[in-house]
Amino acid sequence: MFETIELSISGAVATITLNRPDRLNAFSKTMHREFQQALETVASHDALRVVTITGAGRAFCAGQDLGERQPDKDSKPDLGETLESGYNKSLRLLHAIKIPVVAAVNGVAAGAGAGIALNCDLVLAKKSARFIQAFSNIGLIPDSGMTWYLPRLIGSARARAIAMLGTPVDAETAEEWGMIYRSVADDDFDMELSALVDNLANRPTIALGLIKKAMHESWSNTLDQQLDLERDYQRIAGLTRDFAEGVTAFSEKRSPRFEGR
Ligand code: LHQ
């Protein structure tokens, strides 16, 4: 169905694989369109409880396909339009998905490729993977939310340095700095990913979606606004079958069987 990505759905788990390995999964026009279609499909699929985004071959994603446009010194490309109809649209779709999105960073994530990964709810990376804010290497500024995320995740000093210098950050350092959730040995990556995805798929999905939204909104809210938000979201969580099951299981001293409802 797609040319540049793969979307597979198995039970409650969807996997979106960026699939242009000979270009290190760089985003072409077609890939922007197909990625958005895949995100829309995932968002509208009621049975899903977790989504993974990963890359085919040795890379996660090398950002925008630089072969698609070769601007000469007199050309006046509108990169704002590429962002508006491409990455910004995709990232807004990704944030609106009400289930956890895991970035499975199997290799280098550069430019907007690092951006896609860091916009996901949990980032699991192979130890051999690198995150590169490659934008300034070609005369651009970080996009795909990176000027928003990086100072919040790793502090302004490191964020400014890696954005201005384009210094690659290896996965272990990214974990140490709080840029990603975890880095794991390459040989353990598939096993760790599958355990993480399985765990998420069996947790109370509605609560996880509300956690995702609440944490995101906290970055622009005051404490007072956030207390109001917690009141409202907890009200919603309290009405789920999973809350009733969680409390019942606790009192019966057994593991809960969450249904995601
Ligand atoms: C590529 C790419 C690539 C095409 C590797 N495109 N072919 C937003 C708005 C609008 C416009 C501009 O951009 C943006 C957002 C952005 O994402 S800007 C940042 C764009 N990305 C980059 O600048 C990263 C460019 N790539 C690299 O720096 C390196 O390839 C990395 C560090 C990712 C990997 O290095 P290596 O492992 O040494 O691999 P390689 O460089 O040998 O690449 C392998 C092949 O993939 C190679 O093709 P070839 O035909 O020689 O085998 C590359 O040309 C191709 N490739 N990235 N973005």
Side-chain angles (χ1 to χ4, degrees), residues 2-6 16-36 38-39 53-95 103-120 123 125-151 153-154 159-174 179-180 183 186 189:
F2 294 122
E3 242 178 77
T4 61
I5 63 156
E6 274 173 21
I16 298 174
T17 305
L18 308 173
N19 191 22
R20 301 182 71 220
D22 57 325
R23 299 289 92 195
L24 304 189
N25 306 318
F27 267 80
S28 62
K29 274 194 184 132
T30 308
M31 190 152 145
H32 278 293
R33 195 184 64 248
E34 293 187 344
F35 186 56
Q36 288 163 7
L39 292 172
I53 300 177
T54 193
R58 70 177 174 93
F60 177 74
C61 174
Q64 184 65 21
D65 189 321
L66 299 176
E68 264 195 343
R69 64 175 84 227
Q70 299 283 350
D72 62 42
K73 288 200 169 125
D74 297 321
S75 67
K76 302 205 180 319
D78 182 0
L79 300 193
E81 162 48 27
T82 310
L83 288 183
E84 197 50 36
S85 62
Y87 299 105
N88 290 3
K89 185 170 175 200
S90 296
L91 295 172
R92 287 183 177 119
L93 286 168
L94 194 146
H95 284 292
V105 181
N106 54 304
V108 67
I116 302 275
L118 298 187
N119 273 271
C120 293
V123 185
K126 277 190 183 172
K127 281 236 158 81
S128 62
R130 292 166 294 154
F131 296 82
I132 312 176
Q133 297 297 316
F135 308 88
S136 65
N137 296 343
I138 54 167
L140 296 181
I141 69 157
D143 55 35
S144 51
M146 287 302 90
T147 59
W148 193 82
Y149 271 107
L150 285 175
L153 291 174
I154 63 173
R160 273 177 282 156
I162 62 170
M164 289 187 185
L165 300 171
T167 325
V169 178
D170 62 71
E172 266 180 292
T173 306
M179 192 194 289
I180 65 168
S183 65
D186 289 19
F189 183 72

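Remember, it's 1-based here, ligands and their atoms both numbered in the order they're listed.
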Item to check | Residue pairs, two or more places apart or on separate chains, that pass side-chain hydrogen bond (donor to acceptor under 3.5 Å, both in side chains) and touch residues 56-66 | outcome: Arg20-Asp65, His32-Gln64, Gln64-Tyr87
Tabulation required: pairs of a nitrogen or oxygen in ligand 1 and a protein nitrogen or oxygen under 3.5 Å; columns are atom names and distance to 0.1 Å; otherwise 'none'.
| residue | atom | partner | partner atom | Å |
| --- | --- | --- | --- | --- |
| ligand 1 | 6 (N) | Leu66 | N | 2.9 |
| ligand 1 | 17 (O) | Gln64 | N | 2.9 |
| ligand 1 | 17 (O) | Ala112 | N | 2.9 |
| ligand 1 | 21 (N) | Ala62 | O | 2.9 |
| ligand 1 | 37 (O) | Arg58 | NH1 | 2.9 |
| ligand 1 | 37 (O) | Arg58 | NH2 | 3.4 |
| ligand 1 | 39 (O) | Arg58 | NH2 | 3.0 |
| ligand 1 | 48 (O) | Arg23 | NH2 | 3.2 |
| ligand 1 | 50 (O) | Arg23 | NH2 | 2.7 |
| ligand 1 | 58 (N) | Ala62 | O | 3.1 |
| ligand 1 | 58 (N) | Gln64 | O | 2.9 |

Checklist entry - Regarding Asn19 and Thr4, is there a side-chain donor-to-acceptor distance under 3.5 Å anywhere? => result no
Next on the checklist: Under a 3.5 Å threshold, yes or no: a donor from one side chain and an acceptor from the other, between Thr30 and Glu34?
Outcome noted: no
Checklist outcome for this item: Contacts of Glu68 meeting salt bridge (charged side-chain N to carboxylate O under 4.0 Å, His left out) (sequence neighbours excluded), chain-then-number -> none
Checklist entry - In chain order, what residues pass the side chain to side chain contact (heavy atoms under 4.5 Å, CB included) check against Ser90, with sequence neighbours excluded? => result Phe35, Gln36, Leu39
Checklist entry - Any side-chain heavy-atom pair from Leu118 and Leu150 closer than 4.5 angstrom? => result yes
